[in-house]
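Scope of the values below: all heavy atoms of this structure, side chains included, with no hydrogens, waters or symmetry mates. To find a chain, count down the sequence lines: A is the first, B the second, and so on, and within it residues start at 1.
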Amino acid sequence: MAKSTVFARIQSALGRDTVTSDVQHPLQSHIRIQRQAPDQVIDDFLAQAQNVQMSVELTSEAEINRAVNAYWQAHQLEGALLVADHISTDGLEMPVATGQTDGAHIAVVTRAMAAIAETATLVVNSQLHPVPFNFLPDHHLVILARSQVIPALNDLWPRLRAEALSASAVNLITGPSRTGDIEQTIEIGAHGPRAVHVLLIDN
Amino acid sequence: MKSQAMHFVPNARAAIKDQNLQKALGHIAEGFVGKRAKAVGVIENWQAIREQAAIVKNHTLEHLDHYLAQYEAAVTARGGVVHYADDAEEACRIIDQICKDVGAKSVTKGKSMVSEEVGLNAHLEKSGLDVIETDLGEYILQLAGEMPSHIIAPAIHKTKEQVSELFAEHHQRPKLTERTELVTEARQILREKFLGADVGITGANFLVAETGQHVLVTNEGNGDLTSCLPKTQVVITGIEKVVPTLEDAGLMLTLLARSATGQAFSNYTSFYGGPRQADEGQGPDAFHVVLVDNGRTRMLGNDFREMLRCIRCGACLNHCPVYSSIGGHAYGWVYPGPMGSVVTPNFIGIDEAGHLPNACTLNGRCGEVCPMSIPLPAMLRKLRDKQAEAKPTPFLMKVWGNLAKRPKLYHAVTKIGIFAARMASFNGRLKVPTPWNNERDMPAPEGKTFQQIYKESRRG
């Protein structure tokens with residue numbers, strides 16, 4: 001049994017023959033990043049989004065699908081729009097698909113569970129919509145409420161424990177897919193979306 | 001993976017003369033080094049974050065059995081299976097069996113240095129599986145039949161022109177010249193592979209004991225497509241990757257992206273654990289994690305335990321003058337640069353990899369930039385000590401040692417030496433034919449010795 005061998009080797013290396021029963025975490029609290037940042041969390045998010053080539057459109061809950069139609073037009077998209085469950089498709093002018101994706105959809109609309117301002121990172125999980133939604137379509141449109149934007153990564157962990165602990169996947173997305181694997185020059189659109197567009201709504 | 005570390009010296013010599021390689025390595029300074037400096041510079045309490053991360057990792061290693069058991073229990077509760085592998089052979093066998101059990105024909109892979117370490121691709125290919133690397137850099141190398149030369153930028157040694165030729169040859173399509181076209185062609189070809197694969201294999205950047213999740217960091221999204229599309233998800237990683245809590249993973253994620261590519265955060269940082277849950281629409285049916293020892297427990301018990309704090313960011317490679325001159329292949333095994341020069345002798349033996357700790361100028365930059373504060377220069381010196389201990393002291397070194405203990409005699413002999421060196425010099429350069437002088441000129445001793453000047457100044 002490899003497990004018993006590996007555990008025996010670990011304990012021998014650590015100079016004991018059983019697992020220590022009472023293990024106390026060494027930190028009282030985890031440090032927060034200190035950096036120059038705008039006072040308003042939203043301003044920080046917007047500035048960081050620009051750094052990672054993620055576009056943000058300010059809109060409202062009632063205007064979401066009008067914004068989606070406009071995006072579709074502006075980018076001259078064709079085929080079907082994939083829409084995550086619990087998002088209204090009323091007023092959408094293009095063919096709409098739901099459920100699963102096999103890569104045939106050019107764009108997708110999903111809802112985020114949170115966003116981190118300090119890095120402009122969107123947080124989604126597999127209970128909101130299937131993981132391939134985040135990676136297969138060329139355009140990812142993400143609905144995000146202002147109140148969902150948290151200042152820092154440190155603020156995410158209690159939220160994950162409370163809301164997404166049983167999800168098989170939590171994806172933190174910071175801008176469109178990219179690669180620097182050819183001569184260290186960044187190219188957008190490696191394997192995932194070529195564009196990530198945030199629909200930031202007042203609430 | 002078979003090691004070529006024995007042949008470091010001829011390989012390094014060839015690397016310095018390789019013009020394509022030198023051109024490609026030239027991008028490191030303007031790329032990784034500059035971007036890291038900027039990304040780290042904006043964090044006012046960087047040192048304090050480093051300190052906490054080292055404390056957490058030291059604690060985890062001190063209780064590695066506890067945290068591995070906690071991680072395993074959490075994965076099991078999510079419906080996943082945790083396997084342990086003593087060595088490379090066992091790791092390959094376990095994954096081969098997983099593939100056989102589901103009748104797999106094709107496998108996609110995310111970038112994993114542990115899979116390189118155990119030689120997984122060769123093993124699976126021998127079993128008749130179609131194995132496709134999906135990280136762009138790894139894919140380029142798979143076409144070229146080469147090893148990664150950098151732990152986060154595997155194809156850093158390739159120029160755009162070389163990639164263009166490889167693609168034209170293997171894709172049998174017209175030759176492309178623009179970087180964007182090359183990326184798009186790879187995207188199209190690999191998209192088919194992602195969708196058709198039976199098993200997806202990735203590495204893991206961290207394992208979170210508390211939640212039974214592993215953290216996967218990529219910029220391309222290839223690791224995620226590998227994880228979420230095939231029916232069977234397999235993770236291969238080292239036992240040292242575990243951290244206690246989500247907060248601990250967060251601490252190290254903050255350090256990782258900034259140190260590696262100079263990004264504030266990588267594009268995709270994903271937390272995966274277990275197969276698709278009952279209420280989830282799409283995702284794998286089976287989930288396996290293979291935790292590899294392969295020499296790690298040996299390091300846990302010897303002078304190199306701190307090396308197990310390594311989060312594989314590559315900053316020590318990027319800041320190493322030796323790595324920047326010769327690239328990764330000359331190091332001869334999986335892990336190059338300063339971290340490789342510590343890890344490789346520990347994994348495959350100092351006899352095999354003895355050249356590596358000597359391929360170091362002891363300038364100390366690797367230790368300064370290491371986000372996990374690993375004392376790399378001290379470790380490299382320690383490996384040199386071990387080598388010296390194993391070998392008898394050379395005769396001339398013994399003579400010198402005895403002389404150095406007798407200052408008067410030493411000065412007398414040095415005076416003769418200086419005189420002899422001046423006689424043997426030409427235009428202020430020593431022309432004694434030694435291997436050292438083949439590469440550079442040794443200046444002849446000039447003027448008075450320090451001792452003479454010091455004595456005169458005291459008198460004056």
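Contact between A:A13 and B:R305 at its shortest, heavy atoms only, is O-NH2, 3.9 Å. The two residues A:P26 and B:I55 come nearest to each other via the heavy atoms CB-CG2, 3.7 Å. Counting all heavy atoms, side chain and backbone alike, B:H66 lies closest to A:T20 at ND1-O, 4.2 Å. B:Q52 and A:I31 get closest at one heavy-atom pair: OE1-N, 2.9 Å. Pairing each heavy atom of B:A69 with each of A:F7, the nearest pair is N-CZ, 4.0 Å. Shown here for A:V23 and B:H63, the closest heavy-atom pair between the two residues is CG2-ND1, 3.7 Å.
In this structure, chain B has a heavy atom under 4.5 Å from the backbone of A:R32, while its side chain stays farther away. Using a 4.5 Å cut-off between heavy atoms, B:A77 makes no contact with chain A at all. Only the backbone of A:S29 comes within contact range of chain B, with heavy atoms under 4.5 Å apart. Of the two parts of B:E30, neither the backbone nor the side chain holds a non-hydrogen atom closer than 4.5 Å to a non-hydrogen atom of chain A. With a 4.5 Å cut-off on non-hydrogen atoms, B:D293 touches chain A through its side chain but not through its backbone. Neither the backbone nor the side chain of B:P284 comes within contact range of chain A, judged by heavy atoms closer than 4.5 Å. Heavy atoms closer than 4.5 Å to chain A are found in the side chain of B:L251, but not in its backbone. For B:I43, the parts lying under 4.5 angstrom from a heavy atom of chain A are both the backbone and the side chain. B:L229 touches chain A through its side chain: at least one heavy atom from C-beta onward sits under 4.5 Å away, while N, CA, C and O do not. Using a 4.5 Å cut-off between heavy atoms, A:L128 makes no contact with chain B at all. In this structure, chain A has a heavy atom under 4.5 Å from the side chain of B:E72, while its backbone stays farther away. Neither the backbone nor the side chain of A:A120 comes within contact range of chain B; no heavy atoms are under 4.5 Å apart. Interface remark: B:A24 contributes no atoms to any contact with chain A (heavy atom separation under 4.5 Å). Looking at B:Y139, there are no atoms closer than 4.5 Å to chain A (heavy atoms on both sides), in backbone or side chain. Using a 4.5 Å cut-off between heavy atoms, B:L190 contacts chain A through its side chain alone, with no backbone atom that close. Both the backbone and the side chain of A:Q100 come within contact range of chain B, with heavy atoms under 4.5 Å apart. Contacts of B:S266 with chain A are made by backbone atoms alone, with heavy-atom separations under 4.5 Å and no side-chain atom involved.
A:H191 and B:D135 share no donor-acceptor pair across their side chains, judged by distance under 3.5 Å alone. Between the side chains of B:N267 and A:R178, at least one donor-acceptor pair of N or O atoms lies under 3.5 Å. Between the side chains of A:S168 and B:Q277, no donor-acceptor pair is found at a separation under 3.5 Å. Looking only at atom types and distance, the side chain of B:E280 has a donor-acceptor partner in the side chain of A:S126 under 3.5 Å away. A donor-acceptor pair shorter than 3.5 Å can be found between the side chains of A:N171 and B:S270.
Heavy-atom pairs under 4.5 Å with chain A peak, among B:T218, B:L216, B:V163, B:L195, at B:L195. When the candidates B:G250, B:G221, B:G31 are compared by the number of heavy-atom contacts under 4.5 Å with chain A, B:G250 comes out ahead. Listed options A:N125, A:T174, A:D102 were ranked by heavy-atom pairs under 4.5 angstrom with chain B; first place goes to A:T174. Each of B:T134, B:V42, B:L225 has some count of heavy-atom pairs under 4.5 Å with chain A, and the biggest count is that of B:L225. In terms of heavy-atom pairs under 4.5 angstrom with chain A, the leader among B:D65, B:N219, B:V82, B:I28 is B:D65. Interface check for chain A: of the options B:R187, B:M299, B:E44, the most heavy-atom pairs under 4.5 Å are formed by B:R187. Among B:T159, B:L68, B:L253, B:I152, the residue with the largest count of heavy-atom pairs under 4.5 Å with chain A is B:T159. Put simply, of A:S166, A:G99, A:G180, the one with the most heavy-atom pairs under 4.5 Å next to chain B is A:S166. For the set A:R35, A:M54, A:Q24, A:Q48, the count of heavy-atom pairs under 4.5 angstrom toward chain B peaks at A:R35. Of the listed residues (A:G15, A:P132, A:P193), the one with the most heavy-atom contacts under 4.5 Å to chain B is A:P132. Options A:V131, A:I188, A:I33 differ in how many heavy-atom pairs under 4.5 Å they form with chain B, and the most are formed by A:I33. In terms of non-hydrogen atom pairs under 4.5 Å with chain B, the most contact-rich of A:Q11, A:H129, A:H25, A:E118 is A:H25.
Proximity of a side-chain donor or acceptor of B:E220 to a complementary backbone N or O of A:S177 within less than 3.5 Å is not detected. Looking at B:R191, its side chain never comes within 3.5 Å of a backbone N or O of A:G103 through a donor-acceptor pair. Proximity of a side-chain donor or acceptor of B:Q282 to a complementary backbone N or O of A:T101 within less than 3.5 Å is detected.
One distance of note links CZ of A:R9 with CD1 of B:I239; it measures 8.5 Å at 0.5 Å rounding. Rounded to the nearest 0.5 angstrom, A:L14 CG and B:L300 CG are separated by 4.5 Å. Between the CD1 atom of A:I10 and the CG atom of B:L61 there is a distance of 10.0 Å, given to the nearest 0.5 Å. B:L25 CG to A:Q184 CD: the interatomic distance, rounded to the nearest 0.5 Å, is 9.5 Å. Here A:I182 contributes atom CD1 and B:K160 contributes atom NZ; the two are 9.0 Å apart, rounded to the nearest 0.5 Å. How far CG of A:L27 is from CG of B:D248: 6.5 Å, rounded to the nearest 0.5 Å.
A:T5 has its side chain out of reach of B:Y84: every pair of non-hydrogen atoms, C-beta onward, lies at least 4.5 Å apart. The shortest side-chain heavy-atom distance between A:T119 and B:Q263 does not fall under the 4.5 Å cut-off. Considering only heavy atoms from C-beta on, A:L172 stays 4.5 Å or farther from B:Y268 through its side chain.
At most 12 heavy atoms of other shown residues, nucleotides or ligands fall within 6.0 angstrom of atom CD in A:Q50. For B:Q188, the CD atom sits in a packed shell: over 12 heavy atoms of surrounding residues, nucleotides or ligands are nearer than 6.0 Å.
Taking the six-membered ring for Trp, A:F135 and B:F194 have ring centres at least 6.0 Å apart.
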Any chance you could lay out the salt bridge (charged side-chain N to carboxylate O under 4.0 Å, His left out) test for A:R161 and B:E247, step after step, and finish with the verdict?
CA-CA 11 Å; A:R161 283 192 193 95; B:E247 280 80 0; 2.6 Å; yes

In sequence, state the C-alpha distance, the side-chain angles, and the governing distance for A:K3 and B:D86, and then conclude on salt bridge (charged side-chain N to carboxylate O under 4.0 Å, His left out).
CA-CA 8 Å; A:K3 182 183 174 182; B:D86 285 359; over 6 Å; no

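Under a 4.0 Å N-O distance rule, the pair B:R179/A:E183 qualifies as a salt bridge. Ion pairing between a basic and an acidic side chain is recognised when a charged N comes within 4.0 Å of a carboxylate O; B:K111 and A:D181 show no such pairing.
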